[in-house]
Amino acid sequence: MPLALLALAIGAFGIGTTEFVIMGLLPEVAADFQVPIPTAGLLVTGYALGVVLGAPLMTVLGTRTTRKRMLMVLMGLFVIGNLVSALAPVFGVMLAGRVIASLAHGAFFGIGSVVAAGLVAPEKKAGAIAMMFTGLTVANVVGVPLGTLTGQSAGWRTTFLAVAALGVIGLFGVARLLPEQPKPQGVRVRAELAAFRDVQVLLAMAMTVLGFGGVFAAVTYITPMMTEVAGYAPSSVTWLLVLLGLGMVGGNLVGGRFADRRLMPMLYVSLGGLSLVLALFTLTAHNRITAAITIVLIGGLGFATVPPLQKRVLDHAAGAPTLASAVNVGAFNLGNALSAWLGGLVISAGLGYTAPNWVGAALAAAALLLALLAGALERRTEQAGRPAAAHGPEPVPATVGQG
């Protein structure tokens with residue numbers, strides 16, 4: 001794998017830290033601004049919605065410059081947003097800072113996925129994408145637990161200042177390690193939008209929304225769930241987040257390896273297992289040991305879906321992958337926003353802190369149904385094309401566009 005992938009992983013590490021660290025600091029932030037936990041959960045929802053809106057917007061703006069320069073601009077925006085959050089005098093300003101930072105998220109991973117895939121041979125695309133997303137998952141092993149510990153001991157504002165510093169490091173990493181690339185030629189918004197006419201692209205994005213949404217339904221409220229239901233002390237949340245991050249790292253790497261071999265079976269297994277584990281989390285959350293084991297499984301199964309879903313979008317939008325890739329990253333966060341909101345609703349309805357797990361299980365099960373539908377449609381298309389191909393000339397292999 002090229003060294004340039006390290007630059008993308010560094011940026012992903014900073015972005016992953018700011019996205020997920022809020023989960024471990026919800027009680028502290030809520031207490032500081034004197035708002036209830038479900039209201040503080042809007043910091044997750046607002047960030048996710050910002051990614052959804054920012055992904056296509058920033059990607060379209062990025063077509064006017066080189067991908068390296070655009071990635072640097074995005075990291076600069078990320079730094080500004082985290083500084084606003086760290087210095088926010090009221091809850092609304094912090095929410096605005098979260099949204100500003102989130103505008104960089106989708107386009108960074110979307111453009112970064114295309115760049116990563118273009119740095120390696122076609123048969124190693126998913127592995128390269130997984131390598132970049134490893135920065136996101138490692139953030140959950142190192143950045144998020146350390147950020148949570150820092151926030152609990154030195155104040156949550158210190159955490160966001162540290163995250164801003166991470167963004168600066170990511171900016172320099174992109175500037176120094178990513179090779180210079182010419183401005184994309186012939187990139188037109190209309191051509192990029194044409195990719196969304198492919199039903200398989202739309203199904204993959206719907207799977208992304210529902211499948212990853214299932215993960216966030218549970219982990220958004222993991223801190224109150226573990227302290228109020230499982231009986232852990234607040235200080236234990238740090239190592240519980242380490243377990244979640246370890247599961248994410250493992251799942252991401254396994255998903256990347258098998259996505260290059262058996263993509264759809266990988267999705268069937270990961271989404272089916274995720275739905276089952278989330279349903280069981282309603283029960284296992286009442287015991288410290290089983291809760292910890294379940295957290296690892298949720299992280300692993302959830303992130304095992306990331307490389308195959310991202311690769312599937314790139315494969316079916318091969319002629320215009322940049323916008324589709326970025327929008328799919330936005331779809332991950334649309335799932336985050338949807339599930340965080342639904343999780344807050346069931347908690348506010350008095351159903352308890354474990355109720356979001358049922359929401360997550362239902363979302364993951366719906367994603368599995370869509371995966372089965374996509375697989376069936378794909379097999380039907382292949383079968384319909386075989387008779388015609390048998391009587392015609394040997395087809396010329398299509399070249400996968402790098403965007």
Side-chain angles (χ1 to χ4, degrees), residues 19 45 47-60 102 105-114 117 125-126 129-130 132-133 136 189-217 252 255-256 259 263-264 266-268 270-271 274-275 302-342 360 362-378 381 400-401 403:
E19 179 181 18
T45 303
Y47 184 95
L49 291 177
V51 176
V52 175
L53 297 175
L57 175 62
M58 301 305 293
T59 301
V60 169
S102 71
H105 185 128
F108 183 89
F109 282 108
I111 296 172
S113 291
V114 176
K125 286 178 181 290
I129 294 170
M132 180 188 70
F133 275 91
L136 180 66
V189 175
R190 182 175 298 179
E192 294 279 339
L193 290 174
F196 297 96
R197 297 175 185 172
D198 190 321
V199 67
Q200 291 291 359
V201 171
L202 297 178
L203 283 172
M205 291 182 177
M207 283 183 264
T208 298
V209 171
L210 297 172
F212 209 67
V215 175
F216 252 68
N252 179 63
L263 191 150
M264 292 308 293
M266 184 67 213
L267 280 178
Y268 300 151
S270 56
L271 289 172
L274 179 62
S275 180
F303 263 77
T305 68
V306 174
L309 284 172
Q310 194 73 355
K311 181 177 184 293
R312 189 163 178 82
V313 169
L314 288 175
D315 287 346
H316 285 278
T322 309
L323 183 59
S325 175
V327 171
N328 194 53
V329 174
F332 281 106
N333 286 271
L334 179 58
N336 298 352
L338 174 66
S339 60
W341 175 66
L342 291 175
L363 292 174
L368 174 60
L369 292 177
L370 290 181
L372 294 170
L373 174 61
L377 290 175
E378 194 166 58
T381 301
V400 177

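Reckoned from all heavy atoms, side chains included, excluding hydrogens, waters and symmetry mates.
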Exercise. When you look at T305 and T208, which way does the side-chain contact (heavy atoms from CB on, under 4.5 Å) test go after all the steps?
Worked result: CA-CA 8 Å; T305 68; T208 298; over 6 Å; no
Exercise. Do you know the tightest heavy-atom contact between A331 and M205?
Worked result: CB-O, 3.8 Å
Exercise. So, for L370 and A206, which heavy atoms are closest and what is the spacing to 0.1 Å?
Worked result: CD1-CB, 3.5 Å
Problem set entry | From CG (L342) to CG (L363), nearest 0.5 Å | 6.5 Å
Exercise. Taking side chain as C-beta onward, heavy atoms only, is L368 less than 4.5 Å from S275?
Worked result: no
Problem set entry | Close side-chain approach of F212 to V306, heavy-atom, < 4.5 Å | yes
Exercise. Looking only at heavy atoms, what is the nearest atom pair of Q200 and E378, with distance?
Worked result: NE2-N, 3.6 Å
For this session: Could you grab the distance from atom CG of L53 to atom CE of M58, nearest 0.5 Å is fine?
Result: 12.5 Å
Seminar exercise, completed: Rounding to 0.5 Å, atoms CG (L377) and CG (L372) come to a distance of 11.0 Å
Exercise. Which atom names give the shortest non-hydrogen contact between L271 and A371, and what distance separates them?
Worked result: CD1-CB, 4.1 Å
Exercise. Which atom pair, heavy atoms only, marks the closest approach of L309 to A204?
Worked result: CD2-O, 3.8 Å
For this session: List the atom of M207, the atom of A374, and the distance in Å for their closest heavy-atom pair.
Result: CE-CB, 4.0 Å
Exercise. Would you say the side chain of Y47 lies within less than 4.5 Å of the side chain of H105, judging by non-hydrogen atoms?
Worked result: yes
Problem set entry | Spacing of CG belonging to L49 relative to CG belonging to L338, to within rounding of 0.5 Å | 9.5 Å
